[in-house]
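This report concerns only the one structure given below.
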There are 2 protein chains.
Amino acid sequence: MRAKKKRKHKGDLRDEILSAAKKLFLAHGYLNTSMRKIAAKVGISPTTIYLYYRDKADVIHALHQEGFKILAEQFKILENVEHPFERLKAMGRCYINFALGNRDFYELMFIMQEPLMHLEKQQASERSSGWKEGEGAFKALLDVIKDCQKEGYFEGYHTAELALLLWANLHGLCALKNNGHLDLLTRAMEEELPVSNVLYKSFELYVQILQKG
Amino acid sequence: MRAKKKRKHKGDLRDEILSAAKKLFLAHGYLNTSMRKIAAKVGISPTTIYLYYRDKADVIHALHQEGFKILAEQFKILENVEHPFERLKAMGRCYINFALGNRDFYELMFIMQEPLMHLEKQQASERSSGWKEGEGAFKALLDVIKDCQKEGYFEGYHTAELALLLWANLHGLCALKNNGHLDLLTRAMEEELPVSNVLYKSFELYVQILQKG
DNA sequence: TTTTTATGTTAACGGCGTTAAGTATATTTG
DNA sequence: CAAATATACTTAACGCCGTTAACATAAAAA
């Protein structure tokens with residue numbers, strides 16, 4: 001018997017808020033995306049957001065989920081690559097492309113703690129399933145490595161450990177690149193380090209090392 | 001003819017500020033360390049800090065330097081390890097220990113952008129030497145790898161590229177551990193991943209892979 | 001129609017980094 | 001010594017921030 005009560009703003013305000021947050025976020029980065037600015041963009045009072053999201057971490061978490069959706073879609077495409085080791089390599093490059101091309105999303109997904117804070121709060125109150133977004137992405141990597149092992153690659157290695165190592169390596173490269181530390185270092189070390197494409201070259205080197213082992 | 005003019009606070013206020021900042025920082029983390037709290041701890045007005053530091057990034061940069069001093073000291077001790085590959089492995093574990101044992105310092109040194117912002121401002125005005133702290137740490141790693149290569153390890157590898165790869169791998173592991181992403185993942189994947197010591201085990205696995213190549 | 005409930009708003013709290021203007025004191029200068 | 005000046009620091013304020021409490025209003029239920 002209970003239908004929707006009323007709506008001053010026509011659409012689902014929850015979605016409108018998220019959409020505005022996303023636009024601000026992509027246009028001006030996380031630092032310049034405040035609750036108040038989101039509200040202003042939607043045309044509502046800042047406090048109204050708190051009717052639809054618990055707090056800022058909750059909003060940020062929603063964006064974090066969007067980021068994982070994008071990444072998952074890109075990984076999905078790679079399932080068309082038949083040869084497993086080729087697929088693994090492509091996945092690595094894909095991950096790097098995503099990290100560099102969506103810096104702010106990447107930060108939300110793998111660097112910032114706020115989105116995870118939300119998870120812990122939720123987990124404390126309801127029964128919840130942990131970090132399912134990250135879990136999904138990691139499982140995609142796991143599957144590819146398993147396929148590689150079926151074809152004889154990485155013999156004797158513990159699958160999940162290897163996956164973790166590969167992920168950590170990619171994350172290390174991307175994180176250092178995105179926050180500027182890598183550029184500062186390569187600029188200082190231009191004699192020893194080739195300035196351009198350090199990132200992808202490092203990845204190729206890693207692949208090379210893996211292939212030998 | 002010009003001696004010191006006067007001092008309401010006896011000691012070097014610049015040092016007192018840094019010391020207070022450090023204490024707050026280590027006790028309550030970066031998020032809870034504000035200019036105003038630092039000032040309160042020293043017993044001065046918040047604006048006084050700006051007579052000794054350009055802005056917050058400047059203070060943060062000073063702490064960032066302290067972090068590198070600690071790390072450099074620990075690396076220095078490892079010079080006593082004679083065998084170069086053993087030294088390299090020890091260096092890796094040392095890096096991990098530092099990252100886990102000094103989370104806030106680590107964040108300042110390798111994750112946050114604020115300290116680097118300070119560098120860029122300084123570089124814009126004066127002639128400056130770039131990120132000399134990071135450069136120093138990286139050179140320490142470079143030297144060890146060079147020694148390894150002298151003994152026949154890592155034949156054919158580009159020294160600096162390999163160093164970068166190793167660093168990125170360690171950073172990836174430490175960063176994911178410190179911000180909680182790694183723990184969330186291992187908790188979700190306890191079937192596939194051994195819960196304890198994932199970090200060190202990953203490192204050992206990496207060493208193992210390197211040794212084969 | 002009256003009551004209740006969903007859906008917003010306004011006002012306010014306590015925090016933040018930072019700047020401009022003012023004050024007192026010690027040194028230099030006349 | 002007295003006046004001018006430079007130094008060391010403070011007060012007041014600006015414009016942000018996330019968040020809560022109290023209040024208003026319109027629609028549905030009684």
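In the text below, chain A, chain B and the rest are named by the order of the sequence lines, each starting its count at 1.
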Nucleotide C:dT10, atom P - distance to CD1 of A:Ile44 in whole Å: 12 Å
Neighbours of DNA chain D within residues 19-31 of chain A, by heavy-atom distance under 4.0 Å: none
Parallel, tilted or perpendicular: ring planes of B:Tyr95 versus B:Phe110, cut at 30 and 60 degrees: tilted
Exam field: side chain A:His158 to backbone B:Glu192, donor-acceptor pair closer than 3.5 Å: yes
Length of the CG-P vector between B:Asn32 and C:dG15, whole Å: 12 Å
Grab the N/O contacts between the protein and nucleotides 18-22 of chain D below 3.5 Å, and write none if there aren't any.
| residue | atom | partner | partner atom | Å |
| --- | --- | --- | --- | --- |
| D:dG18 | OP1 | A:Met35 | N | 3.1 |
| D:dG18 | OP1 | A:Lys56 | NZ | 3.0 |
| D:dG18 | OP2 | A:Met35 | N | 2.9 |
| D:dG18 | N7 | A:Arg36 | NH1 | 2.3 |
| D:dG18 | O6 | A:Arg36 | NH1 | 3.0 |
| D:dG18 | O6 | A:Arg36 | NH2 | 3.4 |
| D:dT19 | OP2 | A:Tyr50 | OH | 2.8 |
| D:dT19 | OP2 | A:Lys56 | N | 2.9 |
| D:dT19 | O5' | A:Tyr50 | OH | 3.3 |

Atom-pair distance (CD on B:Glu16; C1' on D:dA8), nearest Å: 14 Å
A:Leu13 CG to C:dA6 C1', straight-line distance once rounded to whole Å: 13 Å
Centroid separation B:Phe25 to B:Phe105 less than 6.0 Å: yes
Protein-nucleotide distance (A:Leu51, atom CG; C:dA6, atom C1'), rounded to Å: 9 Å
B:Trp131 vs B:Phe138, ring-ring contact (aromatic ring centres under 6.0 Å, His included): CA-CA, chis, key distance, verdict: CA-CA 11 Å; B:Trp131 190 34; B:Phe138 188 74; 9.6 Å; no
Parallel, tilted or perpendicular: rings of B:Tyr206 and A:Tyr206 (30°, 60°): tilted
A:Ser34 to A:Lys56 - nearest heavy-atom pair and separation: CA-NZ, 4.4 Å
Salt bridge (charged side-chain N to carboxylate O under 4.0 Å, His left out) between A:Asp55 and A:Lys121, intermediate numbers included: CA-CA 11 Å; A:Asp55 51 18; A:Lys121 282 177 197 166; 2.6 Å; yes
Phosphate OP1/OP2 of D:dC9: any B:Tyr52 side-chain N/O under 4.0 Å: yes
Exercise: do A:Asn97 and A:Tyr200 side chains pair donor with acceptor under 3.5 Å: yes
B:Thr48 side chain near D:dT10 phosphate (N/O to OP1/OP2, under 4.0 Å): yes
Value in whole Å for how far the C1' atom of D:dC9 lies from CD1 of B:Ile38: 17 Å
Stepwise ring-ring contact (aromatic ring centres under 6.0 Å, His included) test for B:His64 and B:Tyr106: CA-CA 8 Å; B:His64 144 115; B:Tyr106 191 79; over 10 Å; no
Gap between atoms CD1 and P, on A:Ile49 and D:dC17 respectively (whole Å): 11 Å
B:Arg93 charged N/C atom sitting above B:Phe203 aromatic ring, 6.0 Å / 45°: no
Step-by-step side-chain hydrogen bond (donor to acceptor under 3.5 Å, both in side chains) determination, B:Glu114 to B:Tyr30: CA-CA 11 Å; B:Glu114 273 95 330; B:Tyr30 171 73; 3.2 Å; yes
Angle between terminal axes - the helix from C:dT1-D:dA30 to C:dG30-D:dC1, 5 pairs each end, rounded to 10°: 30°
